[in-house]
Amino acid sequence: MRDGTVATAADLLDWYDRNARVMPWRVGPHDRRDGVRPDPYRVWLSEVMLQQTTVAAVRDYFHRFIARWPTVLDLAAAEDADVMGEWAGLGYYARARNLLKCARVVADQHGGTFPDAREGLLQLPGIGPYTASAIASIAFDRPETVVDGNVERVMARLHDVHTPLPRAKPELTALAAALTPQARPGDYAQAVMDLGATICTPRSPACGICPWRDPCLARTNGTAADLPRKEPKKPKPTRHGIAYIARRNDGAFLLERRPDKGLLGGMLGWPGSDWTDTPDPAPPMQADWRALPAQALHTFTHFHLRLTVMVADVGHANPQTGQFLPPATFRPSDLPTVMRKAFDLARAEFDTPPD
DNA sequence: GACACGTGGTG
DNA sequence: TCACCAAGTGT
């Protein structure tokens with residue numbers, strides 16, 4: 001018998017059994033009951049992709065990675081450029097660099113098998129407190145507590161915590177840990193995150209159909225929509241830059257590999273200036289550069305960028321930086337989004353013959 | 001603890 | 001429109 005005024009894992013699991021979302025990396029509660037366990041490689045890959053990223057954005061990337069690299073050993077043997085290109089557009093590119101590092105550590109030091117507990121997982125590149133707990137619970141059914149943005153929100157509301165994040169994190173973690181069950185921890189971890197993603201949403205939470213509506217203090221107090229509180233964010237400055245897109249007469253484009261550290265690290269991009277208040281021009285070669293009438297506008301995590309795009313048709317020449325990639329080698333989809341925006345503007349220009 | 005680090009969807 | 005938001009990690 002249950003007391004409706006106390007939130008229990010059992011009530012949430014009952015809801016999850018009826019409402020679990022179908023996702024390509026997930027083993028649903030019914031198959032799990034039949035002893036089916038998810039592939040740790042797929043759990044790891046999906047969890048890394050899902051860091052700060054929506055399910056909708058991840059789905060196609062996940063399928064492409066699994067089709068191209070079905071096992072962690074396949075991924076460990078991949079070329080860096082291929083993995084970075086396949087990740088292009090998903091953002092937070094350090095994840096892709098660490099993904100490869102992690103796959104190679106698992107292949108070289110763990111015999112191709114992921115550690116099956118939180119502490120071992122935490123040692124791996126790109127696996128932090130959240131992801132270690134997620135893999136340990138979902139893939140290995142260990143009773144670890146997952147605390148992501150969903151769980152923070154659910155706990156803040158359930159217990160009506162008004163302390164702003166990130167200061168409230170330890171308290172919310174403790175509250176989440178107190179609810180984590182010994183039975184079905186993998187399903188529970190997914191259930192509490194599903195609840196946050198579908199019912200206990202950031203705006204307009206659907207409290208009326210929530211399995212924890214009765215014990216929820218924020219619902220009682222009418223504060224659900226205002227929680228969790230967060231410290232105010234800094235305003236984003238606007239920076240400016242210049243990108244140079246050179247097309248050779250054989251159709252090859254001049255591109256460069258960005259350094260591993262820093263913004264868009266390890267990704268392909270157009271040569272260009274720094275992105276600053278007032279950038280210095282830095283053309284990669286002498287040519288008849290012409291500026292496009294429109295700029296590429298893009299917003300990163302901490303600044304807005306207005307990118308002036310210069311284009312030129314060039315003959316065979318040695319550029320000061322980067323290398324010409326012929327059409328058979330260059331996929332525009334290998335570019336991070338800001339570089340693809342610049343390319344889209346340039347394509348319209350190249351397709352319009354001069355007067 | 002603070003900051004760097006992408007992108008697309010949303011109200 | 002634009003600020004906010006998303007299954008965070010590394011330094």
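Note on naming: letters A, B, ... go to the chains in the order of the sequence lines (proteins, then strands), and numbering restarts at 1 for each one. All values below come from the heavy atoms of this structure, side chains included, with hydrogens, waters and symmetry mates left out.
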Sorted by chain and number, sequence neighbours left out, ring pair (Phe, Tyr, Trp, His ring centres under 6.0 Å) with H240(A) holds for none
- Query: Between W270(A) and F343(A), is a side chain to side chain contact (heavy atoms under 4.5 Å, CB included) present by the stated rule, with each step listed?
  - Reply: CA-CA 9 Å; W270(A) 306 111; F343(A) 186 57; 3.4 Å; yes
Going 5' to 3' through nucleotides 5-11 of chain B and flagging B where a protein heavy-atom sits under 4.0 Å of the base, S where only the sugar-phosphate is that close, and - otherwise, we get BBBS---
Using atom C1' in both nucleotides, what's the gap between dC5(B) and dC5(C) to the nearest angstrom? 16 Å
Comparing nearest nucleotides in DNA chain C, the 5'-proximal residue of the pair G196(A), N98(A) is G196(A)
Within residues 116-150 of chain A, those residues having any heavy atom closer than 4.0 Å to DNA chain B are none
Rounded to whole angstrom, note down the P distance from dA7(C) over to dG11(B).
15 Å
Side chain to side chain donor-acceptor pair (under 3.5 Å) pairs touching residues 90-101 of chain A, sequence neighbours excluded, are T53(A)-R95(A)
Between NZ of K234(A) and C1' of dA2(B) the distance, given in whole Å, is 7 Å
Exercise. Determine the interatomic distance between C1' on dG8(B) and the same-named atom on dT1(C); round to the nearest Å.
Key: 16 Å
When rounded to the nearest 0.5 Å, the distance separating CE of M267(A) from CE of M84(A) is 5.0 Å
For this session: Could you tell me whether K101(A) contacts a base, only the sugar-phosphate backbone, or nothing, with contacts defined as non-hydrogen atoms closer than 4.0 Å?
Result: nothing
Bounded by its outermost nucleotides with an atom under 4.0 Å from a heavy atom of chain A, the footprint on DNA chain C reads dC5(C) to dG10(C)
Next on the checklist: With rounding to the closest Å, how many angstrom separate the C1' atoms on dC4(C) and dG6(B)?
Outcome noted: 15 Å
- prompt: Which is true for M339(A) with a 4.0 Å heavy-atom rule: it touches a base, it touches only sugar-phosphate, or it touches nothing?
  reply: nothing
Verdict with supporting geometry, L99(A) and F65(A), side chain to side chain contact (heavy atoms under 4.5 Å, CB included): CA-CA 12 Å; L99(A) 191 82; F65(A) 267 73; 3.9 Å; yes
Whole-Å distance, K233(A) NZ to dA4(B) P, equals 14 Å
- Flag the pair D344(A) and R347(A) as a salt bridge only when some basic side-chain nitrogen lies within less than 4.0 angstrom of an acidic carboxylate oxygen. yes
Practice problem: Answer yes or no: are there more than 12 heavy-atom neighbours, outside D34(A) itself, under 6.0 Å from its atom CG? | Solution: yes
Handout entry: Evaluation steps, side chain to side chain contact (heavy atoms under 4.5 Å, CB included), between L179(A) and Y188(A)
Key = CA-CA 10 Å; L179(A) 269 166; Y188(A) 175 81; 3.5 Å; yes
Between the CG atom in L227(A) and the CZ atom in R219(A), the distance rounded to the nearest 0.5 Å is 15.0 Å
query: Do L268(A) and M339(A) have side chains that get closer than 4.5 Å, going by heavy atoms?
result: no
Practice task
Taking only Lys NZ, Arg NE, NH1 and NH2, and the carboxylate oxygens of Asp or Glu, determine whether D116(A) and R142(A) approach each other closer than 4.0 Å.
Solution key: yes
- Query: Given the side-chain rings of F300(A) and H302(A), with only the six-membered ring counted for Trp, is the space between their centroids under 6.0 Å?
  - Reply: no
Identify whether the distance between the nearest side-chain nitrogen and carboxylate oxygen of R290(A) and D313(A) falls below 4.0 Å. yes
Output for pair (D187(A) CG, L13(A) CG), nearest 0.5 Å, gives 6.5 Å
Contact check, residues 158-168 of chain A vs DNA chain B, heavy-atom distance under 4.0 Å, returns none
